[in-house]
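See structure below.
Position 1 is the first residue of the sequence; numbering continues from there. All values derive from a computational prediction rather than experimental measurement.
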Amino acid sequence: MPSLYKKNFEIVPQNNITEFTATKGVNQIQFLIPSVQGAVLSTQDLMLSGTLQVNTDSATPYSSGLFGADGISLDSVNGVHSCIRRVDLISMKGNTLVEQRLDYSLINKYQRGVQAETNLINGRFNCQQLCSSSVRATRNFLGRANLADDGQDFAIQLNTGMLKNNNQVLNLGAMGGLMIKIYLEEPIAAFFNINPAAATNNIGNDFTFTLKNVKLSGRYTYVTQDMLAGLDGVSFRKTSNLISVIQSSNDTLTNMPQVMALHKMVYVYQPNKETSNNKDVNNTATNMLVGLKKYLLSNNGTRLPLDYSVDINPTISELPTSSGSNNRVSGNAEQQYLAISALNDQFPPVHSLVNAQNQAKALDDQLENVNTSSLNVDVVGMNYSFNFEGYSVAVPNDLMSINAESSVGTSDANLPDGTGNSRDIRGQSATQNLFIEYDAQLNYSNMMSAR
């Protein structure tokens, strides 16, 4: 984009508050990016930075001496993104809500399924945010030497459609400025015990975390008045979550996206009793529906876009009971191919955290009731752009269904059923998070966002 010149800026939260915490203080971080005459804003240049400090209670720092063999951790894919619950973007022209990213950390987790483990280790692709390839390595970011230490520093790009998937610039003059509100996650949802039964369990009633020295950096781009006059709106990728519940081993769930430019649909399943605020499980785990046997997608009662069911063969319950839990890998290459294709937005798909090794580790964790791995991003995905750039489908009144056959509420073997150290995943219903990604268009004249 041609420009006259650029100017960097750095702003602090409103009210000059320097310390934020979800449970024992201010849990909302609020930035105001003012409009500047003749300038536009490139949202992809925005960076949130600060430091994360963790306390085992209201005053005692979580130090490396408390780690032991296990201790506590963040999700090793999300890193500090796990500490964010929701992000609101508000136009100061009429105080209008432009975008609201609910389920922030879960969306960030499945979208990062396109990463490789080496990316998480080496900090590639915006991964400099307290994450690594294992939860124990991620845990090492959480220790502090003493109370005077502000904690571990981080720098991230906020994951919302307008701030991440927007390739255009914002006309701040037409918007009257942009307000960004960040809501912090509950500590027992953001963090988890690596081994709930270990003596090094450090998450108690007063466990908390604090973000300090928070600031937002970016840059204004100054352009000509003719260019400003031509910026009458902006398009970006929105994500919404439609929640349903899988209650039996053969369930059909139907939703109506009601959008005019659908790109993809991603199904993320979580045990219903453990979806949130459980310190003994990873609240942003993205494992497959327990004992999935097959699934079928349909549109208005017709098998679309696939005219066949995707069968899992063999299923986990069909594997020999003598096989070790680390060898119990079951799945369908086509299911994973379609999921990776949807996550990558390209064809053929490239590498992903969706793989047999991560699937086996995730199942082993469920059987042993530990949280030693969080790399598994095993979802059902369908790309309705069919991997053509800029292509989308209109589904304003369409009923989109998925029929899933699984081991929910059965007595199938080789699955976490609550016996021994196992969690009872098989015996409980599952929350289905259906994330729909679609194009939205914001018109500056009336500040309305069309779907």
Side-chain angles (χ1 to χ4, degrees), residues 43-50 52 73-84 101 103-142 152-161 163-167 190-192 194 217 237 239 264 266 268 282-288 329 331 333 336-362 365 371-379 381 383 387 389 435 437:
T43 56
Q44 293 192 347
D45 292 335
L46 293 177
M47 179 183 67
L48 175 70
S49 60
L52 169 69
S73 184
L74 292 165
D75 187 289
S76 54
V77 178
N78 266 340
V80 76
H81 286 283
S82 295
C83 298
I84 300 175
R101 176 57 59 89
D103 303 296
Y104 177 91
S105 56
L106 189 58
I107 293 174
N108 187 76
K109 174 66 178 290
Y110 87 74
Q111 290 184 346
R112 293 178 71 81
V114 300
Q115 304 291 349
E117 293 181 39
T118 52
N119 296 341
L120 301 173
I121 298 173
N122 298 322
R124 297 180 66 200
F125 306 122
N126 191 33
C127 287
Q128 297 285 7
Q129 49 203 35
L130 318 191
C131 61
S132 185
S133 63
S134 72
V135 295
R136 290 189 176 92
T138 301
R139 171 204 63 185
N140 295 334
F141 290 113
L142 308 182
Q152 179 69 43
D153 61 320
F154 65 86
I156 64 174
Q157 179 186 22
L158 289 171
N159 185 358
T160 77
L163 298 184
K164 183 179 179 183
N165 302 116
N166 165 31
N167 293 322
F191 297 80
F192 53 82
I194 297 177
S217 304
R237 184 78 64 88
T239 303
K264 69 180 72 171
V266 178
V268 178
N282 179 5
N283 282 217
T284 53
T286 49
N287 302 323
M288 184 48 68
V329 178
Q336 295 194 347
Y337 196 89
L338 291 170
I340 299 171
S341 175
L343 295 177
N344 284 188
D345 261 335
Q346 68 184 65
F347 187 87
V350 295
H351 63 247
S352 169
L353 294 175
V354 183
N355 58 58
Q357 174 180 274
N358 291 338
Q359 182 191 26
K361 288 180 178 179
D365 276 4
N371 300 290
T372 60
S373 176
S374 60
L375 295 180
N376 192 36
V377 182
D378 204 356
V379 300
N383 192 338
N387 305 109
E389 186 176 357
F435 294 104
E437 297 191 16

Partners of R139 by salt bridge (Lys or Arg N to Asp or Glu O under 4.0 Å), sequence neighbours excluded? none
Taking side chain as C-beta onward, heavy atoms only, is N166 less than 4.5 Å from T160? no
Look only at the side chain of T138 and the backbone of S132, and say whether a donor-acceptor pair between them is shorter than 3.5 Å. yes
Rounded to the nearest 0.5 Å, how far does CD1 of I194 lie from OG of S73? 5.0 Å
Pairs in or reaching into residues 337-356: which pass salt bridge (charged side-chain N to carboxylate O under 4.0 Å, His left out), with residues at least two apart or in two chains? R237-D345, K264-D345
Pairwise side-chain contact, L106 with T286, heavy-atom cut-off 4.5 Å (strictly under): yes
Minimal non-hydrogen separation, F192 against V135, with atom names: CZ-CG1, 3.8 Å
Between S374 and S76, is any side-chain donor less than 3.5 angstrom from a side-chain acceptor? yes
Report the distance from atom CG of N344 to atom CD of Q111, rounding to the nearest 0.5 Å. 12.0 Å
Once side chain to side chain contact (heavy atoms under 4.5 Å, CB included) is applied, do any residues pair with Q152, and if so which ones, sequence neighbours excluded? L130, F141
Minimum heavy-atom distance Q157-L163, with the two atoms named: NE2-O, 3.2 Å
In chain order, what residues pass the side chain to side chain donor-acceptor pair (under 3.5 Å) check against D75, with sequence neighbours excluded? K109, N282, T284
Single hit among D103, T239, L353 for side-chain contact (heavy atoms from CB on, under 4.5 Å) with Y110: T239
Does T372 have any side chain to side chain donor-acceptor pair (under 3.5 Å) partners at least two apart in sequence or in another chain, and if so, which? D365
Short question: side chain of S352, backbone of G113 - any donor-acceptor pair under 3.5 Å? yes
Closer than 3.5 angstrom, by distance alone: can the side chain of N122 be matched with the main-chain N or O of T118 as a donor-acceptor pair? yes
Looking at CG of L343 and CZ of R112, how far apart are the two atoms once the value is rounded to the nearest 0.5 Å? 12.5 Å
Would you name the heavy atoms of V354 and V377 that are closest together and state the gap between them? CG2-O, 2.6 Å
Counting C-beta onward and ignoring hydrogens, is there a side-chain heavy-atom pair between N159 and I84 closer than 4.5 Å? no
So which atom in L74 and which in A190 form the shortest heavy-atom distance, rounded to 0.1 Å? CD2-O, 3.5 Å
To the nearest 0.5 Å, what is the distance between CD (Q129) and CG (L48)? 10.5 Å
Please report the shortest heavy-atom distance between G381 and A342, naming the atom on each side. C-CB, 4.1 Å
I'd like to check R101 versus K164 (side-chain heavy atoms, cut-off strictly below 4.5 Å). Are they in contact? no
Please enumerate all residues that pass side chain to side chain donor-acceptor pair (under 3.5 Å) together with N287, with sequence neighbours excluded. N376
For residues F435 and V379, determine if any side-chain heavy atom of one lies less than 4.5 Å from a side-chain heavy atom of the other. no
Separation between OG (S49) and CZ (F154), nearest 0.5 Å, reads 7.0 Å
Any donor-acceptor N/O pair, N78 side chain to H81 backbone, under 3.5 Å: no
Between L375 and E117, is any pair of side-chain heavy atoms under 4.5 Å apart? yes
